[in-house]
Amino acid sequence: MQKVRGSNPLEPTEVPGYGIYRFKNLLNSEITPIFYKRKELMENIKITLPDGSAREVEKGTTPFQVAEAISGRLAKEALVAKVDGKLVDLQTPINSDAELQILTFKDPEGQHTYWHSTSHLMAHAVQEMYPEAKFGVGPAIESGFYYDIDIDTKLSEEDLPKIEKKMHQIAEQNNMFKRSELSKKEAEELWTKKGDQYKLELIEGLDDEKDVISIYGEGEFTDLCTGPHVPSAGKLKYFKLLSVSGSYWRGDEKNKSMQRIYGISFPKQKMLEEHLHLLEEAKKRDHRKLGKQLDLFSVQEEAGPGLIYWHPKGARVRHLIEAFWKDAHYDNGYEMLYSPHVGKKWLWETSGHLENYKENMYAPMTIDDQDYFIKPMNCPFHILMYKGQLRSYRDLPLRWAELGTVYRYEKSGVLHGLLRVRGFTQDDAHIFCTQEQIEDEIIEVIRFSMFMWKSFGFEDIKFYLSTKPEKAVGEDDLWDKAIHSLRNALEKEGYDYELDEGGGAFYGPKIDLKVRDALNREWQMSTIQFDFNLPERFDMTYIGEDGNQHRPYMVHRALLGSIERFFGVLIEHHGGAFPTWLAPVQVAVIPVSQVFFDYAKSVVDELKKSGIRVEFDQRNEKIGYKIRDWETQKVPYMLIAGEKEMEAGTVSVRQHKVGDLGAQPLQEFKDKVLNEINNKVINN
RNA sequence: GCUGACGUAGCUCAGUCGGUAGAGCACAUCCUUGGUAAGGAUGAGGUCGUCGGUUCAAGUCCGAUCGUCAGCUCCA
């Protein structure tokens, strides 16, 4: 049994009867012993480090000791280790040859361990402050951690600093995170005593054969946990509790609601400050805030939530997006459609929407004793057009696109600015094709989508491939071929993707493209979905080469997702400073005083003639004031026109965020801007 | 929809113990005619989200409702 010596758990462990000596000549031998003991007791094992070098160490040496032997700094920063790819505590003795990795906060696993340990510390603090507290789960998440807590007291933001204070007090005691392993029965007894039904439920769910039930104790606080953890609570120094909100036990809204506290922690104060600063900066980029500041769009409370009003400047950007989108579609072999906004009950019965999607549809309106529904999707209309005539294999593929406005009832709590709304315009298209054509079609859609995203300045996009769920329509063979084509297309195009096994819609597999917003939330944008349901329900056919009827493949795809959501992430991506080609106002002309109005007007007219969106600022204000104003409106260029410029026939150019560029001939400036516009230059 | 917080002028916000509404910006008028991020004066602008209750008295306390926000759940 090992003994921990002294109060600092990070000191090397001493094994009775074994002298531990640091080997002096560490660097010279290929296999470097780090510790060795008296010869007669020596039993060594070999550990391999990530750089490929191997070292011989005494059996039972801990990762921490290895770290210490390699470098004092590494030992200081070490949080957790990986032995043969498995995460373990730094104090876990290594007893056989192994590959060893020492992880610090720089490693994702190190970060996670750090955050998870902080969530234990937080739970400990909450337990001390509210002894009746029961705990759900408390994992590390992508950025920080949370813990679900069941207490009668309603926590508010004001309670968070108090909990933080308690956490600091506990951290100062620097208790070790101690691991113990229990039998299922022992664990059940322990939490029955604590009266924590959540943990009991978790224990209940464990497999008694396979799973080791491990618990971690830190000071007075013990928690069911697979670990690993940082060695001691004293390592956790700089943390901030960010918010408290509701959650459900096991994520099921039928279960009791709990309170969830979110937080984040870092080993260095500077890192914490930087992170908090980033959060502040991100808030400034929030499209809801910028939408108001730049007068782009609004939601009218009185007229209904989740419905977007596009103001002139936002509408101008939308027009440019849509015009570009339409041209690109014609260039890529698509035809454009327009379809109605409502359809009779028959249509939605046939499509199956009334059966499967009714709770998301706006209620029907009765016209001439017939129920009409507002469309939640465009597909049935496109299908009717397909069925309007007999189709031959020679007609395929058909690529039909529409900027189709749909309305869906979304639960009130999920509405979010432009990103989750009730009425939106999909940049929708349906591709009808033969089996032989599907892979090429998918490849084309992926290329087209990425072309669109790149045109608007996006590079960081993640792909998700979703396969067949349990409840699904369509034969396995169809699914397999479709999934195969999706996978192949992604691989041929060289895109990494995450597999969401069973995450497809019931009617077909899909590829989703997701983009992050300023607040680091991921939103599904583009989607490429097979549909085995609608062609069947509407009995779509084409006549094949063999003269027989065949069922076409149907693919739904939206490149940008919806215009609303796309506009939302576009605003955030550029922080409201749109590239020149998309800016609602491209140039503001500012005369130094009224004396130069005529000259400034000639500049304005000249630019307008070239189709540049220019504003003439004739307000009775000083130029400092006007510059500040246009700068906050994030207009790409300002032109100052005064005496010098009038005499020389030039303009003084000021670029957004960059500043004064000096005087240049008007023609030169005009060419530069036109070039930026025509080539859709992304300047940030 | 659920849990919690919030809702005051066009915007951002203050408003103490319940005593009848305040700032800055924006806007209007006037003065000022200016050189790269806010010139000055004056003025107008609010049934304090809505409905109801308690009270002599409600922006303030209570309830309901609508909406927003943070999450949860959902997302064909």
Side-chain angles (χ1 to χ4, degrees), chain A residues 136 141 146 148 150 154-159 242-262 283 286 288-289 292-293 295 298-306 351-353 355-361 376-380 406 408-417 419-420 426 469 473 503-508 510 512 519 521 523-524 527 529 531 533-534 556 590-597 619-633 638-645 652-663:
Chain A
I141 50 176
Y146 68 79
D148 283 343
D150 178 12
K154 298 282 178 222
L155 295 174
S156 73
E157 305 273 331
E158 283 129 49
D159 295 311
L242 297 169
S243 65
V244 51
S245 60
S247 67
Y248 300 100
W249 170 237
R250 305 214 136 170
D252 189 334
E253 63 181 319
K254 287 185 201 84
N255 287 336
K256 183 161 185 200
S257 69
M258 306 177 80
Q259 303 190 67
R260 176 174 296 181
I261 304 177
Y262 286 86
K283 275 188 197 158
D286 190 316
R288 292 166 295 184
K289 194 170 179 156
K292 208 177 249 179
Q293 258 169 38
D295 195 22
S298 65
V299 179
Q300 301 293 329
E301 198 178 300
E302 302 81 358
S351 69
H353 284 99
E355 197 181 312
N356 299 306
Y357 198 60
K358 194 169 182 192
E359 67 276 16
N360 280 296
M361 290 170 70
M377 293 180 196
N378 305 298
C379 347
V406 297
R408 298 180 186 176
Y409 172 75
E410 302 283 356
K411 287 182 178 176
S412 61
V414 307
L415 300 175
H416 184 97
L419 299 183
R420 188 83 180 260
Q426 293 182 301
V473 300
F506 78 86
Y507 52 77
K510 61 176 180 175
D512 289 328
L519 301 174
R521 289 175 283 219
W523 296 91
Q524 181 193 314
T527 183
Q529 309 187 350
D531 193 327
N533 184 45
L534 291 178
H556 308 259
I590 304 173
V592 173
S593 77
Q594 274 182 347
V595 181
F596 312 106
F597 270 24
R619 287 176 296 180
N620 178 17
E621 295 289 349
K622 290 194 165 182
I623 73 165
Y625 176 93
K626 295 184 187 178
I627 285 171
R628 181 187 142 79
D629 195 40
W630 290 109
E631 199 69 40
T632 59
Q633 287 299 305
M638 283 174 243
L639 300 182
I640 314 294
E643 191 169 5
K644 281 181 292 180
E645 290 80 7
S652 284
V653 182
R654 187 189 165 97
Q655 191 177 355
H656 175 61
K657 274 192 192 152
V658 178
D660 193 354
L661 301 181

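Here the structure is a predicted model, which means the values were calculated and not measured. Lettering follows sequence order; numbering is per chain, from 1.
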In whole angstrom, give the distance that lies between atom [atom1] of [X] and atom [atom2] of [N].
X        : N     : atom1 : atom2 : result
A:Lys622 : B:G39 : NZ    : P     : 6 Å
A:Glu643 : B:G35 : CD    : C1'   : 11 Å
A:Lys292 : B:C13 : NZ    : C1'   : 12 Å
A:Lys289 : B:U12 : NZ    : P     : 9 Å
A:Gln426 : B:C75 : CD    : P     : 17 Å
A:Leu415 : B:G67 : CG    : P     : 9 Å
A:His353 : B:C75 : NE2   : C1'   : 13 Å
A:His656 : B:U36 : NE2   : P     : 20 Å

With respect to the side chain of [X], which nucleotide from [options] is positioned closest?
X        : options             : value
A:Asn620 : B:A37, B:U32, B:A70 : B:U32
A:Ile640 : B:G7, B:A37, B:U36  : B:U36
A:Pro305 : B:U68, B:G35, B:A70 : B:U68
A:Val414 : B:G1, B:A37, B:U33  : B:G1
A:Arg654 : B:A37, B:G67, B:G35 : B:A37
A:Ser243 : B:G1, B:A70, B:A37  : B:A70
A:Arg628 : B:U73, B:C69, B:A38 : B:A38

Would you find more than 12 non-hydrogen atoms of other residues, nucleotides or ligands less than 6.0 Å from A:Gln293 atom CD?
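Yes, because the 6.0 Å sphere around CD of A:Gln293 holds more than 12 heavy atoms from other groups.
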Taking pairing as Watson-Crick or G-U wobble with both contacts under 3.5 Å, can you name the mate of [N], or confirm there isn't one?
N     : value
B:A44 : none
B:U33 : none
B:C72 : B:G1
B:C17 : none
B:C61 : B:G53
B:A23 : B:U12
B:C6  : B:G67

If we take the [atom1] atom in both [N] and [M], what is their distance in whole Å?
N     : M     : atom1 : result
B:G59 : B:A14 : C1'   : 12 Å
B:C6  : B:U65 : C1'   : 16 Å
B:C27 : B:A38 : C1'   : 16 Å
B:G52 : B:U60 : P     : 14 Å
B:U68 : B:C62 : P     : 23 Å
B:C72 : B:C13 : C1'   : 30 Å

So, under a plain 3.5 Å distance rule, would you say the side chain of [X] forms a donor-acceptor pair with the base of [N]?
X        : N     : answer
A:Arg408 : B:C75 : no
A:Gln259 : B:U3  : no
A:Glu645 : B:G35 : yes

Which is true for [X] with a 4.0 Å heavy-atom rule: it touches a base, it touches only sugar-phosphate, or it touches nothing?
X        : result
A:Gly624 : sugar-phosphate
A:Tyr507 : base
A:Tyr625 : sugar-phosphate
A:Asp531 : nothing
A:Arg260 : sugar-phosphate
A:Arg521 : sugar-phosphate
A:Arg288 : sugar-phosphate

Testing the basics here: between A:Asp531 and A:His556, what is the closest heavy-atom pair and its distance to 0.1 Å?
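Between these two residues, the closest heavy atoms are OD2-NE2, 2.7 Å.
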So does A:His416 get a side-chain nitrogen or oxygen closer than 4.0 Å to the phosphate oxygens (OP1/OP2) of B:A70?
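Affirmative; the distance criterion is met.
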Keeping A:Glu631 on the side-chain end and A:Lys657 on the backbone end, is there a donor-acceptor pair under 3.5 Å?
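Yes; judged by distance alone, with no hydrogens or angles, the pair exists.
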